[in-house]
Amino acid sequence: MNYKRIPYDIDKIKIPQGEIHIIKNRCKGCGFCVEYCPRDVLEMSDEFNAMGYHPPRVKNPENCVNCGLCEMLCPDFAIWSTLKPDCRQASKKKSAEDEKEAKIES
Amino acid sequence: MKANPRDVHTGAYYIDGDVAAAEGALAAGCKFLGGYPITPSTEAAEAFARRAPEVGAIFIQMEDELGSISAVLGASWAGKKALTITSGPGYSLMMENIGLGAALETPFVIINIQRGGPSTGLPTRTGQADMMQTRWGSHGDYEVIAISPDSPQESFEFTVKAFNLAERYRVPVMLMSDECVGHMTEKVVIPPASEIEVETRRYYDGPKDKYLPFKPDKNLVPPMVKAGDGYKLYITGLTHDEKGYPILNQNLNTRRLVDKIRLNADKIIETKEERLDDAEVIVVSYGITSRVAIRAIEQARKIGIKVGSLRLITVWPFPDKKIVELAKKVKGFVVPEINYGQIVFEVERCSHGNANVILVPHGGGSVHNPDDILGAIKQVAREKKRSEGIIEYKTGLEHLVFDQNKGSRPDLSG
Amino acid sequence: MNPGTYNLTGNQACAEGALSSGCRLLGYYPIVPSIEVIERFSKRCPEVGATLIQMEDEISALAAVLGASWTGKKSMTVTSGPGLSLMMEHVGLGVMLETPCVIVDIQRSGPSEGIPNSPGQGDMMQARWGSHGDYEIIALSPNSPQEMFDLTIKAFNLSERYRTPVLIMSDECVGHMTEKVIIPEASKIEIEPRKYYGGPKNKYLPFEWSQDFVPPIVDIGKGYKFHVTGLTHDDKGYPIMNEVCQELNVHRLINKIRLNAPQIIEIEEDKIEDAEVVVVSYGITSRVALNAIQEARKNGIKVGSLRLITVWPFPEKIITKLAKKIKAFVVPEINYGQIVFEVERCSHGNTNTVFVSHKATQVYDSDNILYAIEQGVKEKEIKEKIIEYNK
Amino acid sequence: MIKKEDHHPMESLLRMDRIPHIWCPGCGIGTTVTAFIVALEKLKLDFNKVCVVSGIGCTGRVAGYINLDSFHTTHGRAIPFATGIKLGNPELKVVVFSGDGDLISIGGNHFIHAARRNIDLTVICVNNFIYAMTGGQVAPTTPLTAYTTTSPYGNFELPSNVPQLAESAGAVYVARWTALHIRRLTNSIIEALQKPGFSVVEVISPCAMYYSRINRLGDGIDMMKFYHENSVIKHNEPTENLDIDYQKEIIVGKFINRERPTFTDSYNDWLVTEKKAQSKSMI
Amino acid sequence: MEIRFAGFGGQGIIRSGIIVGRAASIYDNKFATMNQSFGPEARGGACSSELIVSESRILYPYVTKPDVLIAMSQEAYEKFKPNLKKDGILIIDTDLVKLKKAGKLFSIPATRFAEELGNRIIANVVMLGFFTALTKVVSVEAMKKTIPESVPSRFVELNLKAFDKGFNYETEMVKSRGSPPDVDPPRAENF
């Protein structure tokens with residue numbers, strides 16, 4: 001297919017913005033998060049952590065959409081993402097609206 | 001007979017006790033290893049597996065320890081010198097088939113690289129707590145032979161010895177090594193094949209129809225045949241007669257299983273004695289502990305205590321007579337063991353109240369501090385009166401126990 | 001079961017004893033001569049709401065029993081020699097996890113398959129030493145169906161009190177013997193409750209140090225989120241693998257039994273006061289020995305009986321004390337020497353130890369014991385090893 | 001799962017006093033644990049009623065890191081231990097977390113019989129093709145020709161096909177994923193936990209230290225890339241096609257989902273009918 | 001002479017002990033007993049190997065007060081430092097051990113060098129080169145004979161390169177200082 005359908009409510013959707021948290025000293029430098037981040041947010045750093053490994057570093061923070069794949073793939077519970085505070089407000093509001101709608105529909 | 005040059009890797013090596021034991025097995029002509037991975041014995045199986053094709057041996061990693069010892073029994077009846085290598089938990093699983101091995105009078109060797117116990121315990125650290133299990137671990141009455149090395153060099157030599165004893169007496173022989181010896185790396189000199197004495201299996205050579213698998217010779221050991229030689233063997237783990245047929249009488253054969261070892265004990269037992277002539281105190285030890293004890297003995301001699309060493313190379317059968325004799329001459333025995341009392345009970349039994357017996361216990365995880373052994377030697381030398389029962393030497397770790405008793409959490413960082 | 005007087009085999013009495021003490025799970029694998037325990041238990045299962053499972057082997061049978069015990073159910077397994085050998089690894093696990101449970105061993109002749117349908121006492125040392133590593137254990141030895149009932153209850157009580165597996169070392173003869181068994185009213189049966197932890201949930205330590213060395217226990221599913229492991233562990237149950245932790249662990253596991261031995265040990269003495277010879281026996285042999293003792297008394301020999309109801313921990317001090325007063329111990333056993341070594345050890349060269357070995361496949365001819373008693377009295381000097389008289 | 005900036009979201013279900021864990025860099029067991037924790041969170045189970053049992057080996061250590069009632073038992077005996085727990089208290093959800101050697105080799109007999117009886121357990125089998133805890137010996141799942149320390153000239157024993165074994169023994173739910181299929185794996189664990197009866201989820205996991213090193217397959221990440229390129233999702237594929245060849249295509253998916261009465265159900269049925277029939281005949 | 005190599009599993013700590021021990025016992029014809037202690041983890045766990053080199057038979061197989069401590073991780077440094085003999089030699093990996101206070105010690109960025117040479121796995125051999133030059137417990141010749149025997153054949157060259165790298169680093173250090181590396185007396189408590 002050579003065209004993409006543009007969602008009719010594209011203007012209403014706000015792409016979520018995520019924030020990456022890394023506990024460097026828990027990391028064993030396996031590189032799963034860097035390799036499989038779909039939006040190329042991370043890269044390996046040069047520094048050594050306390051265990052002598054190279055932990056990841058956030059390269060393109062603006063690219064993160066809080067998909068949580070790094071968090072799921074990390075075997076060492078060292079990385080996770082959260083919604084950026086401003087997005088959180090929006091999503092809370094949105095979910096409240098959704099709930100309202102759902103109630104009306106039922 | 002001498003070893004086959006093909007089996008022997010003559011030379012000087014820097015290898016650990018596990019690998020040395022595997023080399024020893026190969027040098028003794030072992031052609032079958034049924035194993036299952038368990039820390040800290042795995043290096044031996046790995047070394048055997050690497051060398052197996054070269055000497056025409058078979059290595060099979062079975063599905064568990066029950067499987068591996070059963071395979072070993074089978075291989076032995078097929079005419080191969082057979083071996084299994086394990087550690088405590090695997091050893092416990094083998095208990096049923098050790099009984100079968102003893103009942104079927106099957107020659108094979110078990111190398112047990114002991115670790116801290118009970119249960120899963122301390123996989124990567126040392127212990128000597130399977131000593132009584134070796135003697136008593138399977139149900140019913142039986143006797144086995146156990147020998148205990150104190151260095152990689154001895155791991156090599158004693159494995160050869162173990163195979164020789166197994167073949168001579170048609171009995172399971174245990175090489176009771178431990179993690180410390182197994183993982184200790186030292187120079188091991190493997191002599192040329194012409195210098196290694198190897199016992200061959202004593203096969204029956206009479207007429208085929210007259211063969212009785214459990215008819216003993218004057219040493220109480222029956223000659224053996226192997227499966228596939230046309231003897232139409234029937235052997236069973238049920239109590240059996242000379243033909244191997246099940247009978248309902250224990251006395252014929254079961255008694256002999258015990259006597260075979262008990263009555264030949266003098267020929268089997270090997271000890272190493274040092275400075276016993278003038279000794280007032282004797283340190284009775286085995287395996288790695290005997291090596292550590294020498295340091296304490298030297299220190300004690302320096303301060304004028306007349307102390308000697310009796311090292312049990314053969315732990316089972318236990319050198320009853322030796323201890324009985326020595327007990328009459330000395331003030332006391334010091335028994336350091338990496339457990340809370342096993343062989344010390346035997347020493348107490350054989351000393352017949354003629355000497356004090358002091359246990360230097362150690363929970364496991366490392367070897368004794370020689371100072372503890374020295375302390376125990378001093379305590380025995382000081383002791384005026386004969387005490388009833390075993391005296392337990394208070395080692396340095398006691399304070400931890402009191403800490404816990406008071407309710408405060410001791411420092412467990414080690 | 002309704003209180004009353006019944007005619008039961010030892011094995012059936014054992015099943016009744018287990019049910020009376022609240023045992024609600026039996027994991028087993030069929031082996032002669034222990035089957036009747038299971039049959040009885042299975043019949044009574046629906047009535048009391050107990051669970052019975054035939055596992056695929058003895059290894060898993062004891063594993064399932066240990067698992068079930070942690071859910072708060074009193075559990076037991078029943079086996080014989082070959083099965084007990086297979087269970088050895090899990091006896092160690094039971095000790096390490098301090099899991100209360102009862103293992104009934106209906107001993108048969110050994111080694112290996114031996115003679116399945118004949119009695120033996122060849123597993124006595126195995127009970128104490130059969131698993132790898134350092135541990136101590138409790139073992140009881142009944143000599144009648146009535147005792148199979150009573151001691152099964154006692155075994156459950158001890159296992160709950162000391163948080164340890166307890167072995168009942170019965171044998172084929174007692175197991176298959178049919179006799180009168182009196183089952184008392186429930187209110188008359190003393191049941192040791194499990195020592196549960198009562199403090200705050202987040203403070204629970206499964207292997208906490210306590211004065212009597214026995215830490216309190218909790219059930220799975222109550223929100224304590226505890227972890228236990230067969231590895232050397234600290235009081236939290238987390239594996240800490242160094243010699244300090246090992247020392248603490250082993251020290252406590254061993255001394256839990258050794259220091260509590262005076263409370264655990266139960267013996268039965270008979271005519272000991274004036275005795276020159278004491279017959280030390282346990283299980284079925286102790287009954288046969290009584291015959292010989294009566295005969296000997298008739299012949300004017302001053303002989304007494306010391307019967308070990310608790311075989312492990314071994315009553316060392318009692319033997320040591322007696323040894324100084326008498327001429328000989330006579331130890332009949334249906335094996336080629338096990339407990340006799342312990343008797344020899346504890347007598348410290350103060351007396352002779354006479355061993356009456358197992359003559360045939362059946363239990364003793366009491367004549368043999370009588371002969372040993374007679375010879376034992378005659379012996380003038382103390383021998384340096386165990387003496388064996390065989391008629 | 002509440003996400004905060006200063007705490008990893010899974011911390012409430014982990015024993016944080018024991019992290020970092022012992023698994024090597026690039027190992028897939030930690031990832032599998034993540035999937036399991038997310039599955040538990042999504043299911044909104046009462047965590048007090050879930051317990052984890054494991055045997056010996058690298059995967060055997062999982063029990064020690066999950067903050068639930070957890071048991072680290074002997075080698076190969078996690079399933080019978082779990083069986084005891086389930087029978088002792090049928091309310092509990094019992095999860096067995098173990099490796100391939102532990103479950104299929106030494107515990108093979110128990111695996112077959114628990115599946116046959118259909119004990120209500122969820123078995124998560126982390127398959128890394130090797131005994132890693134003891135230093136890289138040949139496992140019942142080691143593919144043909146792969147090197148291990150005890151097959152130093154290449155493995156020649158035919159390996160087990162875990163899903164086929166589970167199916168033929170009677171398991172009611174069988175799925176296989178790699179440690180990379182993290183979301184699908186999570187969904188399968190959710191389904192397995194909900195399914196009454198013996199359910200098996202096999203997780204193909206990289207062993208970066210032993211399996212990949214001795215076979216020169218690179219690091220954990222290289223093995224993950226290999227899974228990425230060579231795994232094919234085929235739901236409901238007949239399990240006899242699920243053999244894994246050395247460095248060939250790996251078929252993953254959900255293969256079996258069927259109904260059989262569980263042990264506890266049958267037992268209770270039996271108990272009720274039996275009790276009625278027998279209540280009067282008891283002497 | 002008691003030597004302790006300590007660090008994480010996977011750094012070649014045990015291999016180091018074996019190489020030096022083999023060099024000393026086979027080629028230098030001394031007695032050498034190597035013992036290891038490690039946790040269950042293959043990588044990342046605390047790991048140490050203990051080597052005793054002596055002219056006579058070694059009885060007690062463990063190191064109690066090492067003369068040389070080679071620490072390749074912070075944890076190893078903190079755990080084993082207190083046991084180092086008073087005038088003992090401490091060698092650390094510059095990047096992996098951070099000292100709170102400065103003191104007399106020898107430091108080499110072994111892991112960084114190894115990564116430069118192409119594989120961090122040979123950091124231990126870099127360390128061994130440095131160790132050999134510094135302590136002279138074993139001879140260079142013995143080490144050069146031992147290393148090729150102790151590593152896979154395809155890595156022999158790389159390992160020898162790593163050994164030289166460490167060895168030369170030490171000799172350069174000496175050159176720059178103009179005197180052999182002096183072992184400063186009892187200030188061990190200072191760091």
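Residue numbers start from 1 in every chain, and the chains themselves are labelled A, B, ... in the order their sequence lines are given, proteins ahead of strands. When reading the values below, keep in mind they use all heavy atoms of this one structure, side chains included, and skip hydrogens, waters and symmetry mates.
Here D/G30 is the residue among D/G30, D/G28, D/C27 with the most heavy-atom pairs under 4.5 Å with chain A. No other option in A/A78, A/S81, A/C74 has as many heavy-atom pairs under 4.5 Å with chain D as A/S81. Taking chain A as the reference chain and counting heavy-atom pairs below 4.5 Å, the highest number among D/T32, D/L14, D/I29 is found for D/L14.
Using a cut-off of 4.0 Å between Lys/Arg side-chain N and Asp/Glu carboxylate O, D/E11 and A/R26 are scored as salt-bridged. A salt bridge links A/K28 with A/D76: at least one charged nitrogen is closer than 4.0 Å to a carboxylate oxygen.
Contacts between residues 39-50 of chain A and chain D, defined by a heavy-atom separation under 4.5 Å, are made by no residue at all.
Of the two parts of D/I19, only the side chain, counted from C-beta on, holds a non-hydrogen atom closer than 4.5 Å to a non-hydrogen atom of chain A. Contacts of A/I79 with chain D are made by backbone atoms alone, with heavy-atom separations under 4.5 Å and no side-chain atom involved. Contact annotation for D/M16: only side-chain heavy atoms (C-beta onward) come within less than 4.5 Å of a heavy atom of chain A.
Every side chain to side chain donor-acceptor pair (under 3.5 Å) that D/D17 has, sequence neighbours left out, goes to C/Y238.
Below 30°, between 30° and 60°, or above 60°: for D/Y211 and D/F129 the angle between ring planes is between 30° and 60°, a tilted geometry.
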Run the side-chain donor-acceptor check on residues 29-37 of chain A: report pairs under 3.5 Å with partners two or more places apart or on a different chain.
unit_1: A/Y36; atom_1: OH; unit_2: D/M224; atom_2: O; d: 3.2
unit_1: A/Y36; atom_1: OH; unit_2: D/K225; atom_2: N; d: 3.3

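For residues 124-139 of chain D, the pairs satisfying side-chain hydrogen bond (donor to acceptor under 3.5 Å, both in side chains) are B/Y36-D/Y131, B/E46-D/Q137, D/S105-D/Y131, D/N127-D/T141, D/N127-D/E202, D/T134-D/Q137, with sequence neighbours left out.
Between D/I56 and D/R61 there is no side-chain heavy-atom pair separated by less than 4.5 Å.
Closest approach of D/H181 to D/S231, counting heavy atoms only: CE1-OG, 3.1 Å.
A cation-pi arrangement is not found for D/R15 relative to D/Y65, the charged atom failing to lie both closer than 6.0 Å to the ring centre and inside a 45° cone about the ring normal.
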